[in-house]
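The structure appears below as structure tokens.
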Amino acid sequence: MFLSKRFLPYFATQCLGALNDNIYKNVLLLLVTYSQVDNLPMSVDLFVNLAAGIFILPFFLFSAHAGMVADNMDKALMIRRLKLLELIIMSCAAAAIMAQSYLLMLLLLFLTGTQSAYFGPVKYSLLPQALREDELVTGNAWVEMGTFLSILIGTLSAGLLVTSDNGLMWAAITVSVLALAGFLSSRAIPSLPAPLPIDKVRFAPLSGTLVSIKRVRQTPSIWMAILAISWFWFLGATYLTQFPNFARGSLHSDATVVSLLLALFSIGIAVGSFVCERFSFGHVELGLLPFGVAGLTFFGLDLLWAIPDYSQLPAGYLYDIAEFVGRSEHFRLMLALFMVGVSGGLFIVPLYAFIQSRSAPGECAQAIAANNIINALFMVCSAILSIILLELVGLSIPQLFTLLAVFNAVVALYVYSRVPEFTLRFISYLLSHLLYRLKVEGRENIPKQGAAVLVCNHVSYVDALVLLGASTRPVRFVMDKSISEMPLLKYLFRHAGVIPICSPKKCADTYTRAFERIHQALTNEELVCIFPEGRLSPDGELHEFRPGIEQILAKDPVPVVPMALKGLWGSFFSHKDGHALTTRPRRFWSRLKVNIAAQVPGAEESRHSLQQRVADLLAKPDS
């Protein structure tokens, strides 16, 4: 995938853009910081903060419009136009650098931020259109790796350029050459037309921003994913902003160690992105999120515990990078910071892929635009909170980092309480990949959109949790009422939309209401999974399908996807050798397999034909 024409030119283009943005921004800040203050119409501190605000302002003003434009035109064409704009901006920036015209450089920084605000939505919304579903996580992992390494290289390169001989000239040449390279690489991106008929896009910066946020809030799971990503950017912005003072004040180290801290954090995110890709097993896997959350909290706390005792250090002494790395008491701190980055990569990659996979057709860029707006808002809030806690409250930077680690756990609890699907997918991941080894064959047969009924054999109490991991779409499971009310899980099942059912003899009201809820779910174009046997298998064999499936299809003749679950018979959760959950577990880490057949027209199927299809899948030899 990486070397394919549908990905490599795009990857090179976005990396060159991120690299150029960071080189230009940091060159400007370094030139101002080390210039003669008399050359500026304001104080250095005010200029630096103004520059940060000017770069981020366009994300508030233009992201909503950028998302609508990206959803309504050829994405490759939009990227080429944006890279041409970048080439023009950076050509002017080169002249401003040579002339040391700081106010002109500030204006161009605003234009650079504007170009980035328009590039952000198309950058991420392009992926689900260019890549297959099983490549989406891999693509996002490469993008996050490229982005953070570009930030790292751009920040370090700016320092080298400014301090070198003829630094202004080399800085001007660098930003111009990178802009030209980005424009040339964009020319190789294949055409990606708008997926839906093109609408006329109205330019309305402020009202468009509110509309964009309101629209994405209508899908709670996507809104929670956006808040979670924005929280990570809140954390990341705080860490990156405080590294210089943290290195000097808490680690008694010079500026070279600041570069080391930045490198550990950025490379950690790159590594975490590919750890996520490796353990997602080819699909969008929200089950990895808690590992990222736990890492951000644990290693964030460990940063405080890992700071050595410097009481014996001579007053005013500062370590350089060689001395810092050479002292064993710093190893734990460096590992903790690196693992914070790794945890961040595990955290954000599946969330970006989730937004891309769950957004409605033709609205992905608008969802990404809303994400960028909230990201920018959270980064501004991170600066405000840091000022309040450090300056007014009097916290130290290690204490600030500790507070953020605690806040991270609180934010995670909030997100998981609002979107039970995230928790269910975590449990599904633990079952499917830690307790057992799950292989899914035919995942592509589950429709990406629209209503469908999934039918499967019923072997154990955890069938629904295992099958949930086989679908990237949410699934409404029709489940025996006694199972849906199991302790610990009943809260999650209730809030995840499980439809409880029982025989009409036990409770006619529950039985009737179940079919009403199934009809409503299919009317809403959701996936509904039922176990037509109506009970757990007492012997591991497939038993007769009950008439309920025919009743459902008579009212809603939607496509049906036959599925077969193999490997759970004999587990602790099945009825082998006694009632499930009452016998001693005999085996773990066994192989499970889900075979998924192509969808068939519901109007043409009976319970007997569907039973035979599932039987055929169960009899299919393992490959």
Side-chain angles (χ1 to χ4, degrees), residues 1-27 58 66 69-71 73-94 108-109 111-132 135-136 138-158 161 170-194 266 269-270 273-274 277 349 352 356 364-365 368 372:
M1 178 208 77
F2 179 74
L3 296 177
S4 65
K5 186 177 180 181
R6 57 198 169 91
F7 184 77
L8 183 58
Y10 152 79
F11 177 75
T13 300
Q14 74 92 19
C15 284
L16 288 166
L19 177 61
N20 212 10
D21 283 353
N22 281 277
I23 287 179
Y24 176 65
K25 182 172 63 174
N26 284 285
V27 162
V69 172
D71 277 332
M73 71 176 295
D74 187 312
K75 292 179 175 58
L77 176 61
M78 182 174 178
I79 289 176
R80 283 194 284 273
R81 290 178 177 176
L82 288 172
K83 299 311 287 186
L84 179 59
L85 176 61
E86 179 186 339
L87 181 58
I88 295 171
I89 293 171
M90 288 303 165
S91 298
C92 297
L108 293 168
L109 184 64
L111 296 178
T112 299
T114 301
Q115 190 267 349
S116 296
Y118 276 89
F119 187 75
V122 73
K123 165 184 172 179
Y124 284 105
S125 64
L126 174 147
L127 290 175
Q129 198 171 341
L131 303 180
R132 301 192 306 269
E135 297 173 332
L136 200 53
T138 303
N140 276 279
W142 277 108
V143 168
E144 294 310 312
M145 182 275 291
T147 298
F148 278 92
L149 290 186
S150 295
I151 291 172
L152 171 63
I153 296 170
T155 303
L156 299 180
S157 299
L161 288 169
W170 287 115
I173 291 173
T174 299
V175 296
S176 300
V177 169
L178 288 175
L180 177 60
F183 173 70
L184 293 176
S185 64
S186 72
R187 306 279 299 174
I189 300 174
S191 176
L192 293 165
S266 300
I269 290 176
S273 298
F274 280 95
E277 188 274 334
V349 168
Y352 273 116
Q356 293 159 0
C364 182
I368 296 297
N372 290 347

key: side chain to side chain contact (heavy atoms under 4.5 Å, CB included) between Glu277 and Met145, worked out   = CA-CA 11 Å; Glu277 188 274 334; Met145 182 275 291; over 6 Å; no
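Side chain of Gln356 to backbone of Tyr124: a donor-acceptor contact under 3.5 angstrom is found. Within the 3.5 Å criterion, the main-chain N or O of Ser186 finds a donor-acceptor partner in the side chain of Thr13. Looking only at distances, a side-chain donor or acceptor of Ser150 sits under 3.5 Å from a matching main-chain atom of Cys15. Checking side-chain atoms of Gln129 against main-chain N and O of Pro193 turns up a donor-acceptor pair under 3.5 Å. Under the 3.5 Å distance criterion, the side-chain polar atoms of Ser157 are left unmatched by any main-chain donor or acceptor of Gly154. Side chain of Asn20 to backbone of Leu16: no donor-acceptor contact under 3.5 angstrom is found.
Put simply, OG1 on Thr114 and CG on Leu85 are 8.5 Å apart, with the number rounded to the nearest 0.5 Å. Rounding to the nearest 0.5 Å places CG of Leu131 at 7.5 Å from CG of Leu126. Between Phe148 atom CZ and Asn22 atom CG the span is 10.5 Å, to the nearest 0.5 Å. Atom CD of Gln115 is separated from atom CZ of Arg81 by 14.5 Å, given to the nearest 0.5 angstrom. With rounding to the nearest 0.5 angstrom, the CD1 atom of Ile189 is 10.5 Å from the NZ atom of Lys5. Distance check, rounded to the nearest 0.5 Å: OH of Tyr352 to CG of Asn140 gives 9.0 Å.
Residues Lys83 and Arg80 are not in side-chain contact: their nearest non-hydrogen atoms beyond the backbone lie 4.5 Å or more apart. Contact check for Thr112 versus Lys25: no side-chain heavy atoms found under the 4.5 Å cut-off. Leu108 places a side-chain heavy atom less than 4.5 Å from the side chain of Tyr24. You'll find the side chain of Leu178 stays beyond 4.5 Å of the side chain of Met90, heavy atoms only. Residues Gln14 and Trp142 form no side-chain contact, since every pair of their non-hydrogen atoms from C-beta on lies 4.5 Å or further apart. Between Met78 and Phe119 there is no side-chain heavy-atom pair separated by less than 4.5 Å.
Counting all heavy atoms, side chain and backbone alike, Thr155 lies closest to Ile151 at OG1-O, 2.7 Å. Heavy atoms only, all atoms of each residue included: Pro9 and Ser4 are closest at CD-O, 3.8 Å. Nearest heavy atom pair, residue Phe2 against residue Leu8, reads O-CB, 3.2 Å. Here the closest heavy-atom approach between residue Ser91 and residue Ser176 is recorded as CA-OG, 4.3 Å. In terms of heavy-atom proximity, Pro121 sits nearest to Ala365 at CB-O, 3.5 Å. Contact record, Ser273 with Ala141: O-CB, 3.3 Å, taken as the closest heavy-atom pair.
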